[in-house]
Amino acid sequence: MASRPLLPQFLIPFLALLCLAPACAARRVSVSVYYEALCPFCSGYVVNDLARIFQNGLSSIVDLRLVPFGNGRVSPDGSMTCQHGEDECRLNAIEACVIRLWPDAEHHFPFIYCIEHLALTQKWRAWESCFQETGLASQPVIDCYNSGSGRQLELQNAAETFALQPPNQFVPWVVVNGRPLGDDYTNFEAYICSAYDGELPAACRGKHLAITQHIKASRGDKRNPRELAIVLALCIALWF
């Protein structure tokens, strides 16, 4: 009986590289949070829920986008009004400036958390104390706001919020990998764990399997790049 030839040596490095390639690498889960600075529900979500991912390690698998604008309105002349008044418009712009100046969520989130914690205790007018608490430089933020750049960032956030499909029904409006969570937004960690393709952090243990099953069912027969790479590697190995 003729034996099947062994896998050619030159293909072994190729297969190894294939499984290390970006196609095999687990992609971070996109989490977008549409909110407004002085909304009690938004402040509560940021402080009591969203902050957990920076404590339990889930932030390492998340691409977090904070979009401060919420239920504001933009007039035809470009002027803005905010649901909770002018203070909210100002803080939305300040937070937008901080996010733009320090794009890494690990850097800007502590400042956002500080403001929202103050908002929960009705002390938001002391927001400048957050510079000292977080160690971020104050002058770039003040310059961003005073120059009008903060307002422009808010107009961009408004356009993005208005373009949501389906439209947001309330705030905070949380979207995980393009999927709006609606009323289940406080359960966002389970959706993150279900959407992640790589090795799950310890914080994912015990999350609801029903969400995983629902998401997998909604994907149908679609395969992600990681699965396709593995299948291709197996096919090459069997061919030889």
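One-based numbering along the sequence shown. Computed from a predicted structure; not experimentally measured.
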In sequence, state the C-alpha distance, the side-chain angles, and the governing distance for H107 and L101, and then conclude on side chain to side chain contact (heavy atoms under 4.5 Å, CB included).
CA-CA 10 Å; H107 294 151; L101 289 165; over 6 Å; no
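Taking the side-chain hydrogen bond (donor to acceptor under 3.5 Å, both in side chains) definition, one finds that T186 meets it with nothing, sequence neighbours left out. Remark: C144 engages C97 in a disulfide bond (SG atoms under 2.5 Å apart) (not counting sequence neighbours).
Between F41 and F170 the shortest side-chain heavy-atom distance does not fall below 4.5 Å. Between R90 and D87 the shortest side-chain heavy-atom distance falls below 4.5 Å. No side-chain heavy atom of N168 sits under 4.5 Å from any side-chain heavy atom of V175. Side chains of F54 and L64 form a contact here, defined as non-hydrogen atoms less than 4.5 Å apart. Counting only heavy atoms from C-beta outward, the side chains of E160 and R65 approach each other to under 4.5 Å.
Across P172 and C42, no two heavy atoms sit closer than the pair N-SG, 3.6 Å. E116 and S43 make their closest contact through OE1-OG, 2.6 Å (heavy atoms, listed as atom of the first residue, atom of the second, distance). Between P180 and G178, the shortest heavy-atom distance links the atoms CD-O, 3.4 Å. Pairing each heavy atom of C39 with each of E88, the nearest pair is N-OE2, 3.5 Å. Contact detail for N177 and A195: the closest heavy-atom pair is ND2-CB, 3.6 Å.
Atom CD1 of I53 is separated from atom CG of L50 by 5.0 Å, given to the nearest 0.5 angstrom. Atom CG of L58 and atom CD of E189 lie 5.5 Å apart (nearest 0.5 Å). Put simply, CG on L118 and CH2 on W127 are 11.0 Å apart, with the number rounded to the nearest 0.5 Å.
Side-chain polar atoms of S59 and E106 form a donor-acceptor pair below 3.5 angstrom. A side-chain N or O of N157 and one of E154 form a donor-acceptor pair less than 3.5 Å apart.
Panel note: side chain H108, backbone W102; a donor-acceptor pair is recorded below 3.5 Å. Panel note: side chain N92, backbone E36; no donor-acceptor pair is recorded below 3.5 Å.
Placement of V47 and W124 in two distinct hydrophobic clusters is found when ILVMFWY residues are connected by side-chain heavy-atom separations under 4.5 Å, directly or transitively. By the rule that hydrophobic residues join a cluster once side-chain heavy atoms approach within less than 4.5 Å of another member, L155 and Y145 end up as members of separate clusters. Under the 4.5 Å side-chain contact rule for hydrophobic residues, F188 and L200 share a cluster. Hydrophobic clustering, with ILVMFWY side chains joined whenever heavy atoms are under 4.5 angstrom apart, keeps V67 apart from V141. A single hydrophobic cluster is not seen to contain both F111 and Y35; linkage of ILVMFWY side chains at heavy-atom distances under 4.5 Å, directly or through other members, places them apart.
Around atom CG of N146, more than 12 heavy atoms belonging to other residues, nucleotides or ligands sit under 6.0 Å away. Heavy-atom neighbours of Q132 CD from other residues, nucleotides or ligands within 6.0 Å: at or below the threshold of 12.
Each of L136, T134, V98 was scored for a side-chain contact (heavy atoms from CB on, under 4.5 Å) with P110, with one residue passing: T134.
Ring geometry for F109 versus Y113: interplanar angle of 30 to 60°, hence tilted.
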